[in-house]
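First the structure, in the form of structure tokens, and then the observations on it.
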Amino acid sequence: MNSKIKNYVDVLFNDIPNSRKAAELKEEILSNLNEHYDALIKEGKSENQAYTEALAALGDVDELLKSVMPDKDSTNRINEYKQKRARFTSIAIMLFILGVVCLIGMGGISGVLGFERVEIMAISGLLIMLILSAIATGLIIYVNMSVPQDIEPYISRGKNKHRIDFDTSTTTGKFLSSFMKIYWILVVVIYFVVSFGTEAWHITWIIFLIATAVEQAIKMFVEASGKKNDISKE
């Protein structure tokens, strides 16, 4: 990839909101420019000539850039959704933290107050944490699955090599995509539940290794499924 072309395209998209539509258009322009540039180099053009002619062939991209800009109504709806997502996410995080506090606190309170059945308080704390965690997980999944379809391309980010990309055109894909966004939060919750329940802190760290392996397995499965779908389409 030509670095000058990449810098040029980066400048073009400086003022464009970072969305999936913008990322797809940027990738398309970048690909077309590099292909044209490589073809000109093969024809015997110098690097400067190839660069200049490739940009000239691109023409006016203003209309293309406008196509990835949300209109006023969409902008208002995007802002409303982002406020809703921020509010629900904040509540969910608060519930996760509150659950851990209940788990730790109820066992400690029973000891301070001198309750004989300390295990009952500890189990109660665990149940409360699981309930709060379930509510928090439901909130996060709901807010991520309730993105209005017409503004979804402006909400979703471009591809990231470290992220698992699901087919969000299906209900299952949307659910899995939302679930993976809170995957590591759930892993941490499970870690604390198992650690406090078994008191085997010296070994429960293996949960994180298992969780990493599971995440990589899911990523490999999704990538394999995507390639299979691409082949079938061809």
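Counting begins at 1 with the first residue of the sequence. Values in this document were obtained by computation on a predicted structure and should not be read as measured data.
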Please find the pair of heavy atoms, one from L40 and one from A54, that lie closest to each other, and give the distance. CD1-N, 3.9 Å
State, to 0.1 Å, how close A136 and A92 come at their nearest heavy-atom pair, and which atoms those are. CB-O, 3.4 Å
Non-neighbouring partners of K45 that pass salt bridge (Lys or Arg N to Asp or Glu O under 4.0 Å), sequence neighbours left out: E53
Residues forming a salt bridge (Lys or Arg N to Asp or Glu O under 4.0 Å) with E24, sequence neighbours excluded: R20
Give, for atom [atom1] of [X] and atom [atom2] of [Y], the distance between the pair rounded to the nearest 0.5 Å.
X: T137; Y: L130; atom1: OG1; atom2: CG; answer: 10.0 Å
X: L139; Y: R87; atom1: CG; atom2: CZ; answer: 11.0 Å
X: K42; Y: D38; atom1: NZ; atom2: CG; answer: 6.5 Å

For Y183, enumerate each residue passing the ring pair (Phe, Tyr, Trp, His ring centres under 6.0 Å) test, keeping only those at least two apart in sequence or located in another chain. none
Would you please name every residue forming a ring pair (Phe, Tyr, Trp, His ring centres under 6.0 Å) with F88, sequence neighbours left out? Y142
Counterpart residues, side-chain contact (heavy atoms from CB on, under 4.5 Å), relative to [X] (two or more places apart):
X: V194; value: I190, T198, T204, I207
X: L12; value: Y8, V61
X: I128; value: C102, M106, L132
X: I210; value: I206, V214

For D10, which residues count as a side chain to side chain donor-acceptor pair (under 3.5 Å) partner, sequence neighbours excluded? K6, K26
Answer yes if the ring centres of Y37 and Y51 are under 6.0 angstrom apart, and no otherwise. no
For the hydrophobic clusters of this structure (ILVMFWY residues joined by side-chain heavy atoms under 4.5 Å, transitively), does one cluster hold both I91 and L98? yes
Does V143 offer a backbone N or O that forms a donor-acceptor pair with the side chain of Y81 under 3.5 Å? yes
Just by modelled atom types, is the F208 backbone N or O under 3.5 Å from a matching donor or acceptor in the T212 side chain? yes
Cluster partners of I97, using ILVMFWY side-chain heavy atoms under 4.5 angstrom, listed by chain and number? I93, V101
